[in-house]
Amino acid sequence: MRASIIIFVVIHIALHLNGVSSLGNVIYAVNCGGQSHVDSLGIKYQRDPLDIGTTSDYGTRLSIRRVAPSDQLLYQTERYHSTNFGYPVHIKEDGDYVLWLKFSEVWFNAPDQKVFNVALNSEHIVVRDLDIYDRVGRGAAHDEVVPFSVRKGELIVNGQKSDFDGTLEVEFVKVHGKDNPKCNAFAILKGSPDMIPNLAPLAKPQDELQEPVEEDKDPQEDEAAREARKSRTVKPSGPRAVDPYEVEDTSYLVPILGAVAAFIPILYCLCRM
């Protein structure tokens with residue numbers, strides 16, 4: 001009898017911890033377009049259960065920026081569809097929840113190509129006109145964190161209420177004239193947005209370039225004096241050229257001196273006469 005009680009307690013604890021990570025109680029997590037995966041926080045993302053649209057692992061050719069290597073897979077696989085599609089999630093208890101959406105652009109190299117919306121139960125648009133490339137570029141992780149609540153048969157999102165029957169449909173909605181909606185992965189946890197960790201910051205190109213240091217200007221020095229000072233300190237980029245007028249030319253004196261030397265004997269003879 002005692003042994004059976006111990007076994008029951010162990011099984012109960014195991015089942016309870018099955019949906020618990022370092023962040024709290026995980027209601028649902030799926031690796032869209034891919035196989036099951038456990039991330040660096042201990043969240044187990046299940047294999048994608050849908051059979052509509054298209055799955056892709058094209059992103060595995062890229063190294064996804066802003067996340068740890070063990071989490072890159074969640075941003076490398078995806079499911080997309082030529083029209084709207086969604087995942088049904090069953091929520092049994094009232095409370096505060098967080099929808100944690102994961103995206104990365106692995107195909108397009110320009111903004112305004114893949115743009116779509118994310119909605120809950122077709123009534124609440126929680127992410128509007130999402131352009132992943134415009135947000136973070138290609139091959140970089142981008143998260144969207146959406147808080148919502150369930151209270152007495154109602155779904156509450158951003159202060160707006162709608163009837164709730166226990167099933168939350170997370171929908172990816174096509175925008176007219178833009179490429180297919182998609183998702184890389186998402187999770188729903190019970191709790192508040194504060195528990196969701198931030199992604200690493202994007203590297204900025206200007207951080208890698210050193211701006212030239214501008215010379216300090218003396219407010220008492222006028223513009224003419226500054227220009228004169230600059231002209232004195234400028235160094236030529238090559239060897240100094242010879243100035244043809246810099247050395248005095250005395251070659252024109254040779255014929256004159258020769259004439260004077262020839263005239264002296266003649267002058268001496270004339271004086272003797």
Side-chain angles (χ1 to χ4, degrees), residues 27-34 45-46 48-59 64 66-67 74-91 96-150 154-189 192-193 196 198-199 202:
I27 306 302
Y28 184 86
V30 59
N31 181 26
C32 303
Y45 290 77
Q46 65 172 285
D48 193 330
L50 294 189
D51 56 2
I52 61 173
T54 304
T55 62
S56 172
D57 63 355
Y58 184 84
I64 305 299
R66 306 184 73 192
V67 292
L74 297 173
Y75 298 88
Q76 292 171 325
T77 62
E78 64 182 56
R79 179 177 293 278
Y80 63 88
H81 198 17
S82 58
T83 186
N84 304 348
F85 72 98
Y87 292 80
V89 180
H90 300 293
I91 298 179
D96 296 324
Y97 296 88
V98 177
L99 170 63
W100 187 4
L101 297 156
K102 298 178 179 291
F103 302 100
S104 66
E105 180 55 67
V106 298
W107 180 259
F108 289 105
N109 286 301
D112 201 33
Q113 304 297 311
K114 182 182 289 295
V115 181
F116 58 94
N117 299 330
V118 182
L120 299 181
N121 286 7
S122 301
E123 297 192 38
H124 307 273
I125 297 180
V126 293
V127 182
R128 187 182 297 274
D129 294 331
L130 176 60
D131 185 338
I132 305 167
Y133 186 93
D134 184 60
R135 298 285 187 91
V136 296
R138 184 171 183 263
H142 173 71
D143 288 358
E144 293 281 349
V145 178
V146 180
F148 67 93
S149 300
V150 174
E154 289 184 325
L155 174 65
I156 307 170
V157 184
N158 295 326
Q160 298 180 346
K161 299 179 180 180
S162 62
D163 294 336
F164 186 69
D165 61 2
T167 299
L168 182 73
E169 187 81 15
V170 181
E171 299 172 296
F172 303 90
V173 182
K174 186 175 179 63
V175 172
H176 179 70
K178 303 301 180 182
D179 194 71
N180 305 321
K182 63 171 257 181
C183 185
N184 294 88
F186 74 87
I188 295 178
L189 301 87
S192 67
I196 304 299
N198 294 324
L199 292 171
L202 279 170

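Just so it is clear, the structure is predicted and the values come from calculations on it, not from any experiment.
From Q160, atom CD reaches atom CD of E123 across 9.5 Å, with rounding to the nearest 0.5 Å.
Residue pairs that meet the ring pair (Phe, Tyr, Trp, His ring centres under 6.0 Å) test with at least one member in residues 154-181, sequence neighbours left out, are F85-F172.
Taking S82 as the reference, N180 meet the side-chain contact (heavy atoms from CB on, under 4.5 Å) condition, with sequence neighbours excluded. Residues passing the salt bridge (charged side-chain N to carboxylate O under 4.0 Å, His left out) test with D48 are R79, sequence neighbours excluded. Taking E105 as the reference, nothing meets the salt bridge (charged side-chain N to carboxylate O under 4.0 Å, His left out) condition, with sequence neighbours excluded. Residues forming a side-chain hydrogen bond (donor to acceptor under 3.5 Å, both in side chains) with Q76 (at least two apart in sequence, or on another chain): none. Residues satisfying the salt bridge (charged side-chain N to carboxylate O under 4.0 Å, His left out) test with K174, not counting sequence neighbours, are none. Shown here are the side-chain hydrogen bond (donor to acceptor under 3.5 Å, both in side chains) partners of D131, two or more places apart in sequence or in another chain: there are none. In this view, W107 satisfies the side-chain hydrogen bond (donor to acceptor under 3.5 Å, both in side chains) rule with no residue, not counting sequence neighbours. With sequence neighbours left out, Y80 forms a ring-ring contact (aromatic ring centres under 6.0 Å, His included) with no residue at all. In this view, H124 and S162 satisfy the side-chain hydrogen bond (donor to acceptor under 3.5 Å, both in side chains) rule, not counting sequence neighbours. The salt bridge (charged side-chain N to carboxylate O under 4.0 Å, His left out) check on D134 picks up nothing, with sequence neighbours excluded. With sequence neighbours left out, the side-chain contact (heavy atoms from CB on, under 4.5 Å) criterion links A187 to A29, Y45, L189.
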Let me see the working for L168 and H90 under side-chain contact (heavy atoms from CB on, under 4.5 Å), right down to the final yes or no. CA-CA 6 Å; L168 182 73; H90 300 293; over 6 Å; no

Would you sort out whether T77 and D57 count as a side-chain hydrogen bond (donor to acceptor under 3.5 Å, both in side chains), showing the intermediate values? CA-CA 4 Å; T77 62; D57 63 355; over 6 Å; no

If you apply the rule side-chain contact (heavy atoms from CB on, under 4.5 Å), what do you find for L120 with V170, and how did you get there? CA-CA 5 Å; L120 299 181; V170 181; 4.2 Å; yes

Residues I188, V98; criterion side-chain contact (heavy atoms from CB on, under 4.5 Å); working and verdict: CA-CA 6 Å; I188 295 178; V98 177; over 6 Å; no

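Among all heavy-atom pairs drawn from A140 and S104, the shortest one is O-CB, 3.4 Å. Scanning both residues, F116 and V173, for their nearest heavy atoms gives CB-O, 3.2 Å. Nearest heavy atom pair, residue V157 against residue L155, reads CG2-CG, 3.9 Å. Scanning all heavy atoms of the two residues, the minimum distance from A141 to V67 falls at CB-CG1, 3.7 Å.
Remark: the backbone N or O of S149 is not paired with any side-chain donor or acceptor of D96 at under 3.5 angstrom. Using modelled atom types, no side-chain atom of E171 and backbone atom of G86 make a donor-acceptor pair closer than 3.5 Å.
Between T54 and E78 there is no side-chain heavy-atom pair separated by less than 4.5 Å. Side-chain contact between C183 and F103: present, with at least one pair of heavy atoms (C-beta onward) separated by less than 4.5 Å. Inter-residue side-chain proximity for V175 and N117 is flagged as met; some heavy-atom pair is nearer than 4.5 Å. With contacts defined as side-chain heavy-atom distances shorter than 4.5 Å, the pair Y133/R138 qualifies.
Between Y28 and Y87, the gap from one ring centroid to the other reaches at least 6.0 Å. For Y97 and F148, the gap between ring centers is short of 6.0 Å.
In the model, Y75 has a side-chain atom that pairs as donor or acceptor with a side-chain atom of D143 under 3.5 Å.
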